[in-house]
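Below: the structure, in structure tokens.
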Amino acid sequence: MDYLGKLPWVKMHEFLLDSGNIREPREFCIQIVKKIYSLIPYDQARIYFINDNKKIYDEVLFGVDKRWSKAYLEYYSKIENGRYSILSKVDNYFADFNFSNGVHDWIDSERDEFVNDYIRPQGIHYSLGFGLHSNDNFMKSAFTLDRTDNRGYTYEEVNIMEIMQAHLDNLHKNLFVLTVTDSNYINNSKNQTPLSKREREIIELLCNGITTMNISKKLYISLSTVYRHIANIYTKLNVSNRQELILKFIHKNIE
């Protein structure tokens with residue numbers, strides 16, 4: 001365990017503190033990729049955001065041509081029964097992060113259609129993958145950090161990621177606590193009609209300034225369904241618009 005003493009603990013601590021200052025899940029994930037470069041350099045990176053139906057609804061790319069990502073999502077993730085799909089790996093590849101399954105060596109990988117036509121043309125040699133969950137343990141975002149030269153990810157770098165991933169996962173889960181802690185408040189209010197899990201999720205998005213159209217895309221539900229949920233929320237909480245809803249929670253939080 002002597003190698004642990006050689007890790008850059010101060011930089012790791014500062015990285016986690018900076019990450020903890022972000023209160024919106026998407027921005028939190030973007031901050032991670034931007035800041036982690038100083039600890040684990042990469043040549044390109046991808047973030048894929050996943051809804052409760054295990055559908056990718058958004059992406060953020062760093063140094064990646066969007067055409068490659070589109071080709072991956074529309075074709076390569078579906079070939080060979082989804083062998084290379086991030087979604088098929090949600091419950092294993094990313095969930096149990098360690099040195100053996102967190103890094104993929106594409107140089108020595110078997111040559112198939114995906115490797116020959118997708119990985120090699122991009123010049124990717126190594127990929128490091130990890131994921132983050134919501135407070136109910138649903139995978140909400142999946143990350144890959146790629147290197148296009150011959151320097152593989154070192155044992156130290158992977159240990160840094162393994163240690164920080166656990167902390168990042170806890171920070172990420174806390175961003176979804178609103179749906180749990182505030183449900184106790186609103187379910188014990190004068191109106192005793194409980195909110196559903198979906199309604200609490202939509203409240204969180206509304207309070208974070210997400211538009212109804214983006215809520216529809218984010219949750220993979222129709223716009224009319226979003227409006228129906230919002231109407232039910234307003235009735236149950238005795239509010240008439242988003243401003244009143246936000247003010248209700250601001251008032252609750254400063255009491």
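Contact record, His172 with Ser141: NE2-OG, 4.0 Å, taken as the closest heavy-atom pair. The two residues Ser85 and Ser77 make their nearest non-hydrogen contact at CB-O, 3.2 Å. In terms of heavy atoms, Met12 sits closest to Leu7 at SD-CB, 4.2 Å. Considering all non-hydrogen atoms of both residues, Ala142 and Ile50 come closest at CB-CD1, 4.3 Å.
Residues forming a salt bridge (Lys or Arg N to Asp or Glu O under 4.0 Å) with Asp149 (at least two apart in sequence, or on another chain): Arg151. Residues satisfying the side-chain hydrogen bond (donor to acceptor under 3.5 Å, both in side chains) criterion with Trp106, sequence neighbours excluded, are Ser127. By the salt bridge (Lys or Arg N to Asp or Glu O under 4.0 Å) test, Glu80 is found to be paired with Arg83, residues two or more places apart in sequence or in another chain being considered. The side chain to side chain contact (heavy atoms under 4.5 Å, CB included) check on Ile215 picks up Ile202, Leu205, Leu206, Ile210, Leu219, Val226, with sequence neighbours excluded. Every residue was checked against the side-chain hydrogen bond (donor to acceptor under 3.5 Å, both in side chains) condition with His229, not counting sequence neighbours, and none meets it. Residues passing the side chain to side chain contact (heavy atoms under 4.5 Å, CB included) test with Asn116 are Arg111, Arg120, sequence neighbours excluded. The side-chain hydrogen bond (donor to acceptor under 3.5 Å, both in side chains) test applied to Ser109 returns no partner, not counting sequence neighbours. For Glu74, the salt bridge (Lys or Arg N to Asp or Glu O under 4.0 Å) test picks out no residue, with sequence neighbours left out.
Judged by distance alone, the side chain of Thr144 and the main-chain N or O of Ala45 form no donor-acceptor pair under 3.5 Å. Put simply, the side chain of Asn159 gets close to the backbone of Tyr155: a donor and an acceptor are under 3.5 Å apart.
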Given Leu128 and Glu157, is the side-chain contact (heavy atoms from CB on, under 4.5 Å) satisfied, shown in steps?
-> CA-CA 10 Å; Leu128 185 154; Glu157 288 173 330; 5.8 Å; no
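For the side-chain hydrogen bond (donor to acceptor under 3.5 Å, both in side chains) criterion with Glu113, the lone passing option out of Tyr118, Tyr75, Tyr84 is Tyr75.
Counting heavy atoms from C-beta on, the side chains of Tyr126 and Tyr42 never come closer than 4.5 Å. Within the 4.5 Å cutoff, the side chain of Arg23 has heavy atoms near those of the Leu175 side chain. Considering only heavy atoms from C-beta on, Met161 comes within 4.5 Å of Leu168 through its side chain. At a threshold of 4.5 Å between non-hydrogen side-chain atoms, the residues Ile160 and Tyr153 do not count as touching.
Cluster annotation: Met164 is connected to Trp9 through the hydrophobic network of ILVMFWY side chains, with a link wherever side-chain heavy atoms come within less than 4.5 Å.
Remark: Lys55 NZ to Tyr48 OH distance equals 16.0 Å, nearest 0.5 Å. Residue Asn170 holds its CG atom at 10.5 Å from CG of Leu16, rounded to the nearest 0.5 Å. Once rounded to the nearest 0.5 Å, the distance linking OG1 of Thr148 with CD1 of Ile119 reads 12.0 Å. Rounding to the nearest 0.5 Å gives a distance of 5.0 Å between CD1 of Ile47 and CZ of Phe49. Interatomic distance, CZ of Arg46 versus CG of Leu145, reported as 10.5 Å (0.5 Å rounding). To the nearest 0.5 Å, atom CD of residue Glu199 and atom NZ of residue Lys236 are 3.5 Å apart.
Other members of the cluster containing Met213 are Leu223, Tyr227, with ILVMFWY side chains joined at under 4.5 Å, either directly or via other members. Residues near Leu17 contribute nothing to a hydrophobic cluster around it, because no ILVMFWY side-chain heavy atom sits closer than 4.5 Å to its side chain.
Listed by first and then second residue, the salt bridge (Lys or Arg N to Asp or Glu O under 4.0 Å) pairs involving residues 9-19 amount to none (not counting sequence neighbours).
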Atom pairs and distances, donor-acceptor, side-chain atoms in residues 56-65, under 3.5 Å, two or more places apart:
from	atom 1	to	atom 2	distance (Å)
Tyr57	OH	Lys218	NZ	2.8
Asp58	OD2	Arg26	NE	2.8
Asp58	OD2	Arg26	NH2	3.4
Glu59	OE1	Ser69	OG	2.4
Glu59	OE2	Lys66	NZ	2.7
Asp65	OD1	Arg67	N	2.9
Asp65	OD1	Arg67	NE	3.2
Asp65	OD2	Arg67	NE	3.2
Asp65	OD2	Arg67	NH2	2.7

